[in-house]
Amino acid sequence: MFYESDGESVSLKIKAQPGASRSEFAGLYGEEAIKIRIAAAAVEGAANKELVKFLSKAFKVPKSSIRFKSGETAKIKVLEFPYTEKFGEFLGELENRK
């Protein structure tokens, strides 16, 4: 499963793909992670900053409430943030695509 939630917070496994023309969700990466293309190079933390900014906008959470649990320098990352209605809608959309 690409995420875990206790109803208050979410831990999301992400396969980051830096260097894309724009930041966007790119579907599931197997069953283990969600793939996200990042419009920033993997240089000096730029891609991680863009990833946090992207998730903040996508799920309507403050950037300051998104934190890396693991994988800050790896391709597969785990980020934690508060559970929001937008994240619930995102999960519903993924289910409908299957």
Side-chain angles (χ1 to χ4, degrees):
M1 189 58 106
F2 64 91
Y3 76 97
E4 291 178 13
S5 176
D6 61 9
E8 289 183 25
S9 66
V10 176
S11 291
L12 186 63
K13 273 190 190 171
I14 296 168
K15 162 72 165 85
Q17 183 181 1
S21 59
R22 65 179 183 179
S23 294
E24 63 186 352
F25 290 107
L28 291 176
Y29 185 73
E31 290 290 315
E32 293 304 308
I34 188 96
K35 187 173 181 181
I36 300 178
R37 294 185 183 110
I38 304 298
V43 179
E44 295 177 11
N48 283 346
K49 285 180 188 167
E50 179 64 25
L51 176 61
V52 168
K53 185 174 145 186
F54 176 75
L55 291 174
S56 171
K57 283 184 179 177
F59 300 134
K60 304 280 190 265
V61 295
K63 286 186 275 192
S64 60
S65 67
I66 299 173
R67 69 177 190 90
F68 283 85
K69 284 180 76 174
S70 67
E72 209 162 336
T73 59
K75 291 275 188 204
I76 303 278
K77 305 168 184 304
V78 179
L79 282 89
E80 184 176 66
F81 52 90
Y83 188 98
T84 63
E85 192 176 312
K86 274 292 197 192
F87 183 74
E89 290 171 10
F90 171 76
L91 291 178
E93 288 172 15
L94 277 181
E95 285 299 313
N96 291 337
R97 288 184 196 166
K98 286 185 179 178

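Counting from 1, the numbers follow the sequence of the chain as shown.
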Is any side-chain heavy atom of V52 closer than 4.5 Å to one of F81? no

Non-neighbouring partners of K15 that pass salt bridge (Lys or Arg N to Asp or Glu O under 4.0 Å), sequence neighbours left out: none

Identify the heavy atoms of A47 and P18 that sit nearest to each other, and give their distance. CB-CB, 4.0 Å

Transitively linked via ILVMFWY side-chain contacts under 4.5 Å: L12 with I76? no

Derivation of the side chain to side chain contact (heavy atoms under 4.5 Å, CB included) call for F25 and I14: CA-CA 10 Å; F25 290 107; I14 296 168; over 6 Å; no

First locate atom CZ of F68, then atom OG1 of T73, and finally report the distance between them rounded to the nearest 0.5 Å. 10.0 Å

According to salt bridge (Lys or Arg N to Asp or Glu O under 4.0 Å), who are the partners of K86, at least two apart in sequence or on a separate chain? E89

For G71 against K77, the heavy-atom pair lying closest together: O-CG, 3.1 Å

Hits for side chain to side chain donor-acceptor pair (under 3.5 Å) against K69, two or more places apart or cross-chain, chain-then-number order -> S11

Listed by chain and number, what are the side-chain contact (heavy atoms from CB on, under 4.5 Å) partners of E24, not counting sequence neighbours? R22, R37

All pairs passing ring-ring contact (aromatic ring centres under 6.0 Å, His included) where residues 27-46 contributes a residue, at least two apart: none

Looking at F90, I'd like to know if its CZ atom is crowded, meaning that more than 12 non-hydrogen atoms belonging to other residues, nucleotides or ligands lie closer than 6.0 Å. yes

Result block: side-chain N/O donor-acceptor pairs under 3.5 angstrom for residues 54-65, not counting sequence neighbours:
unit_1, atom_1, unit_2, atom_2, d
S56, OG, V61, O, 2.6
S65, OG, P62, O, 2.8

Just to verify, what does K13 make a side-chain contact (heavy atoms from CB on, under 4.5 Å) with, not counting sequence neighbours? E32, A33, V78

What distance do L51 atom CG and I38 atom CD1 have between them, rounded to the nearest 0.5 Å? 4.5 Å

